[in-house]
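Atoms considered below: every heavy atom in the structure, side chains included; atoms not considered: hydrogens, waters and symmetry mates. Count residues from 1 along the sequence.
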Amino acid sequence: MAQTMVGLAGILTMGCLFLVACQSPAGPLARAPHGDLVSTAAGPLSPLRAGPDIQVRVTLAAGPFGTKALQRRVGDVSRLHYDLVATATPTVVLASFDTPSTTCRFNRVPDGTYRVRVEAFDAGNVSITQTNPAQDTPVLGPIASTNTVTVTSPAVTYSNTGVALSVPLTLLNATGETVSGVGTTFVAGLPWTGAATARSTSPDERFARTYRVGRATNYPSGRLAVAPNATGFFLIAPGQHLITLMDPWQNRENTIIGQDSNPGFNGKPLAIDNMLNGPVAAGTDLAGNVYVAERDNAIVSRIQVDGSLRIVAGQPQVPGFDGDGGPASAAKITVTDMAVDTGGRIYVCDADNSVIRMVDPVTGVISLLAGDAGGRPGNPVDNTPASSNSFTRPYALALDEQRNLYVADGDGRISRIDLTVTPPVLHEHVTFAELTQAWCLVVGPNRQVYAMTNDRADAGRIVRLDAVNRKLIGVAGGGSGGLTDGRDAQQVKLGGVARGLTFDRYGTLYFTDPDTRSLWRLGW
């Protein structure tokens with residue numbers, strides 16, 4: 001592999017400059033973020049110092065987080081960011097540059113003792129380097145070399161046996177079917193190209209395993225949502241008529257609204273004092289407000305950050321379908337699921353009337369987003385306004401970061417509505433013959449859609465929806481084995497009334513299981 005000089009990089013240090021070179025499979029490198037050429041005021045460039053080179057070698061590996069694999073291995077690394085620091089002043093960056101290469105060098109380095117820090121970024125400029133991969137909540141950020149190098153020109157001495165600074169990067173996993181495909185191969189340390197290179201992937205790399213998270217819960221049967229600021233998970237318990245906040249890392253679970261097994265409506269000013277009746281969903285906005293949807297009370301409420309409660313849609317205990325174009329708080333609604341986007345727009349799924357409705361957070365007005373205004377079921381039509389389409393008992397909703405709304409209806413169909421255009425357009429729908437009922441939908445990394453459904457024995461099953469081939473890709477469940485730590489996720493049996501499924505901000509998939517009364521995650 002040819003060696004490519006990329007120019008001057010870094011800042012003036014000890015009256016000199018560092019030069020950076022690397023072995024790169026991707027051709028010439030872009031200019032360093034801090035500037036390739038550094039001058040002193042308006043004068044000429046500082047003269048170069050004759051000094052030895054420092055070698056850097058990075059190895060890449062996947063951490064124990066992820067689902068059924070498309071892991072964040074080398075192929076997901078868009079660039080590596082390198083910082084050279086002196087051990088005496090580790091917070092001061094002496095030279096810095098970006099490259100897709102895993103083998104690089106700093107040229108003409110002055111006397112001193114150094115480490116290098118490296119961080120991996122994906123194509124979206126998001127860090128995918130885990131600094132504590134053994135934790136349930138990994139920290140993202142640069143990782144320092146495991147050894148140091150001392151330069152006493154012309155000698156270069158590494159603190160361990162070897163000829164380079166060594167930086168092992170553990171990469172955050174994403175989701176998918178396989179690491180690189182059954183029967184295909186890859187080389188750790190080289191970008192994945194899709195072509196066979198060195199060794200086949202093993203079954204352990206291809207399939208996720210199940211791991212219990214935190215303690216057992218009394219409320220595992222409903223949907224699941226991530227709490228604000230990654231403080232835990234909301235467990236929606238429709239049978240017990242309450243919602244709890246579970247913090248598995250602190251081993252705590254507290255009720256935020258509702259009274260255990262005591263349904264009703266009492267309209268108290270504080271959320272903690274209120275009763276619930278058939279809660280079906282919860283969501284949050286960027287401000288930290290929590291939204292709660294109740295099927296039997298026929299309302300959507302907002303828990304403010306100060307703990308107060310306000311009804312934002314529906315008339316308590318009066319279900320129905322009217323009021324579009326007017327205040328949402330005066331309308332009649334029926335709720336089977338709900339989604340909330342970052343701006344606080346509320347999307348209400350109504351299976352009884354086969355419609356999706358939206359509440360505007362600024363005006364408070366409710367409107368028909370998709371479905372027949374007369375509540376008549378029907379079939380969606382691609383590339384037409386969402387408001388002119390029809391559904392058949394839509395049961396579940398999911399939003400992605402690009403403001404696509406996914407709708408699962410009772411005929412095994414998943415439809416995608418583009419919310420970025422006015423009016424919103426239903427761009428496509430796919431029918432899955434095997435999908436009898438999607439109890440809940442979630443969108444994972446890379447915009448892959450996952451569903452909690454049932455297998456032929458009516459046990460729970462987690463699947464990824466392959467829209468191209470119209471197939472369900474099994475992720476967890478469908479087997480006969482007990483749900484235990486470290487077990488192949490596709491060999492276990494999940495509870496038949498499982499409804500909880502969600503991703504955290506790190507791309508880890510969590511689910512609830514009523515048989516073990518626990519929260520679980522998929523990992524490696």
Side-chain angles (χ1 to χ4, degrees), residues 62-73 133-138 171-182 201-214 216-217 220-221 223-224 226 233 235 248 398 432 434-436 438-446 448-466 471-504 506-524:
F65 296 92
T67 60
K68 192 176 178 283
L70 188 62
Q71 300 181 51
R72 290 192 186 276
R73 283 188 179 271
Q135 301 295 317
D136 276 319
T137 305
L171 304 177
L172 186 70
N173 287 347
T175 59
E177 295 173 53
T178 60
V179 174
S180 52
V182 177
T201 56
S202 69
D204 284 344
E205 290 172 317
R206 289 199 293 268
F207 301 115
R209 296 185 180 277
T210 54
Y211 296 93
R212 192 190 303 264
V213 180
T217 174
S221 60
R223 289 188 171 107
L224 189 64
V226 177
F233 301 89
L235 274 64
F432 297 87
E434 303 170 80
L435 189 62
T436 55
W439 298 115
C440 66
L441 289 179
V442 293
V443 183
N446 302 326
Q448 298 179 83
V449 181
Y450 293 75
M452 179 74 82
T453 184
N454 293 105
D455 62 15
R456 292 184 178 87
D458 209 31
R461 188 178 179 218
I462 300 171
V463 296
R464 185 178 71 80
L465 307 178
D466 179 355
K471 298 173 67 175
L472 304 182
I473 307 300
V475 175
S480 58
L483 189 54
T484 57
D485 278 346
R487 189 138 195 185
D488 184 334
Q490 294 193 84
Q491 301 301 315
V492 302
K493 181 179 180 180
L494 305 181
V497 292
R499 300 288 187 272
L501 188 68
T502 192
F503 282 92
D504 69 8
Y506 304 105
T508 303
L509 186 59
Y510 291 82
F511 64 95
T512 53
D513 176 66
D515 288 356
T516 58
R517 310 188 73 82
S518 296
L519 176 68
W520 295 79
R521 70 172 174 86
L522 298 183
W524 292 86

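For Thr516, the side-chain hydrogen bond (donor to acceptor under 3.5 Å, both in side chains) partners two or more places apart in sequence, or in a different chain, are Asp513, Trp520. When the salt bridge (charged side-chain N to carboxylate O under 4.0 Å, His left out) test is applied to Arg461, no partner is found at least two apart in sequence or on another chain.
For the pair Leu483 and Asp515, the minimum side-chain heavy-atom distance is 4.5 Å or more. Here the side chains of Phe233 and Thr512 are not in contact, with every heavy-atom distance at 4.5 Å or above. Under the 4.5 Å side-chain criterion, counting only non-hydrogen atoms from C-beta, Asp488 is in contact with Arg209. A 4.5 Å side-chain heavy-atom check between Asn454 and Trp439 finds at least one atom pair inside the cut-off. When side chains are defined from C-beta on, Ile462 counts as touching Leu494, because their heavy atoms get closer than 4.5 Å.
Considering every non-hydrogen atom in both Ala489 and Leu522, the closest pair reads CB-CD2, 3.9 Å. Annotation for Leu441 and Ala451: closest pair CD2-CB, 3.8 Å, computed over non-hydrogen atoms. Nearest approach of Asp485 to Tyr211, heavy atoms of both residues: OD1-CA, 3.3 Å. Heavy atoms only, all atoms of each residue included: Val226 and Asp504 are closest at CG2-CA, 4.1 Å. Shown here for Thr502 and Leu509, the closest heavy-atom pair between the two residues is O-CD1, 3.5 Å. Heavy-atom minimum distance, Gly474 versus Val463: CA-CG1, 4.4 Å.
Once rounded to the nearest 0.5 Å, the distance linking CG of Leu235 with CZ of Arg223 reads 13.5 Å. Atoms OG and CZ, on Ser518 and Arg212 in that order, are 4.0 Å from each other to the nearest 0.5 Å.
Distance alone, capped at 3.5 Å, places no donor-acceptor pair between the Arg499 side chain and the Met452 backbone. The closest donor-acceptor contact from the side chain of Thr210 to the backbone of Thr484 lies under 3.5 Å.
Side chain to side chain, Thr508 and Arg521 fail the donor-acceptor criterion of an N or O pair below 3.5 Å.
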